Amino acid sequence: DTEVTQTPKHLVMGMTNKKSLKCEQHMGHRAMYWYKQKAKKPPELMFVYSYEKLSINESVPSRFSPECPNSSLLNLHLHALQPEDSALYLCASSPRSSGGAEETQYFGPGTRLLVL
Amino acid sequence: GNSVTQMEGPVTLSEEAFLTINCTYTATGYPSLFWYVQYPGEGLQLLLKATKADDKGSNKGFEATYRKETTSFHLEKGSVQVSDSAVYFCALSDLDNAGNMLTFGGGTRLMVKP
């Protein structure tokens, strides 16, 4: 099973709203990722969690706030977003095994966000 | 730093035609190489991968060989179907202490006509 699930599938929010995106995996992976993808572009990395600790923040604005409550769950809290934040938000996970073994990232289906 | 270059699309083919999507990379270490496919309105799906030089990844009739001497990982399929219409991303991974970092190419849109 290589499934990563994301909810909701679609989200429309106003610039003053607070909402959260959820990502879940049950593959025992210890690294989880948030990406942002604009139309006709590759995904851009936002955050990386490794063993439930934030290890990479790619200079993402504070209106995006990640949270990793446990090894299976990853949330992205959204507050005071701008219309230019409208995009597909993708979650991914990878084993994060020790010893430098090859890592494969598995992606969820994404949440399509529209900010009005 | 690492980089991945893919041929620009769209690539338009008739059904049963032969497909090649070129991908070349620049990396400082010994990366793993991947092809991901994104169907309209969906997330990325892993199509195939190769972890070392001369490895061949294959899946669903698609193939790609990790060529270290030419720093390439070209995607091929002998006979495409309409259902193969999608965007294809070539990527490399570089594992460090912070995590597994993927570097993507720009993506190539494939359109297959009946």
Side-chain angles (χ1 to χ4, degrees), chain A residues 2-7 9-10 21 23 25 27 29-58 68 74 87-112, chain B residues 1-11 21 23 25 27 29-53 55 57 59 66 86-111:
Chain A
T2 56
E3 189 178 26
V4 177
T5 59
Q6 290 187 244
T7 55
K9 192 171 173 61
H10 299 278
L21 310 184
C23 173
Q25 56 87 14
M27 296 178 277
H29 289 176
R30 302 309 298 273
M32 296 186 78
Y33 311 77
W34 279 115
Y35 289 84
K36 174 182 178 180
Q37 186 181 25
K38 300 286 272 185
K40 300 186 179 181
K41 296 289 187 182
E44 298 174 8
L45 183 66
M46 300 173 72
F47 302 103
V48 180
Y49 274 82
S50 182
Y51 293 93
E52 295 92 69
K53 288 185 169 40
L54 183 65
S55 59
I56 294 176
N57 176 341
E58 292 284 1
C68 189
L74 185 66
L88 181 67
Y89 288 84
L90 294 164
C91 174
S93 70
S94 67
R96 195 70 177 102
S97 53
S98 60
E102 173 269 326
E103 288 275 306
T104 298
Q105 288 190 29
Y106 296 92
F107 286 79
T111 293
R112 192 162 298 280
Chain B
N2 297 334
S3 67
V4 176
T5 303
Q6 288 180 239
M7 58 190 294
E8 287 197 23
V11 173
I21 300 178
C23 171
Y25 68 91
Y30 300 93
S32 295
L33 300 174
F34 304 86
W35 278 100
Y36 285 90
V37 58
Q38 188 171 32
Y39 298 102
E42 297 186 11
L44 271 68
Q45 296 179 23
L46 177 67
L47 181 59
L48 53 83
K49 65 182 181 183
T51 59
K52 60 184 187 298
D55 268 2
N59 185 25
Y66 189 162
V87 179
Y88 293 80
F89 291 99
C90 184
L92 67 81
S93 76
D94 188 5
L95 184 64
D96 63 21
N97 290 331
N100 166 237
M101 308 299 291
L102 272 179
T103 301
F104 286 97
T108 302
R109 181 173 300 276
L110 171 65
M111 298 169 58

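As the structure is a prediction and not an experimental result, all values here were calculated from the model. What you see below is based on every heavy atom in this structure, not just the backbone, and it leaves out hydrogens, waters and symmetry mates. Chain letters run A, B, ... following the sequence lines, proteins first and then strands; every chain starts at 1.
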Under 4.5 Å from any heavy atom of chain A - which part of Q45(B)
neither
Atom CD of E58(A): over 12 foreign heavy atoms under 6.0 Å
yes
Quick one: CG on L45(A) to CZ on F104(B), what's the gap to the nearest 0.5 Å?
9.0 Å
Indicate the atoms forming the closest heavy-atom contact of K49(B) with T104(A), along with that distance.
NZ-OG1, 3.0 Å
Rounded distance (nearest 0.5 Å) linking atom CZ of R109(B) with atom NZ of K40(A)
6.5 Å
Rounded distance [0.5 Å steps], OG1 in T51(B) versus CD in E103(A)
12.5 Å
Would one find more than 12 heavy atoms of other residues, nucleotides or ligands at under 6.0 Å from atom NZ of K52(B)?
no
Could you give the distance from CZ (F107(A)) to CZ (F89(B)), rounded to the nearest 0.5 Å?
9.5 Å
Under the side-chain contact (heavy atoms from CB on, under 4.5 Å) criterion, do E42(B) and L88(A) qualify, and how do the steps go?
CA-CA 9 Å; E42(B) 297 186 11; L88(A) 181 67; over 6 Å; no
Go through the atoms of R112(A) and report whether side chain, backbone, both or neither lie under 4.5 Å from a heavy atom of chain B.
side chain
Taking all atoms of both residues into account, what is the closest heavy-atom pair of G105(B) and P42(A), and its distance?
O-CB, 3.4 Å
When the 4.5 angstrom heavy-atom criterion is applied to L44(B) and chain A, the contacting part is both
Using non-hydrogen atoms and a 4.5 Å limit, figure out which bit of E44(A) sits close to chain B: side chain, backbone, both or neither.
neither
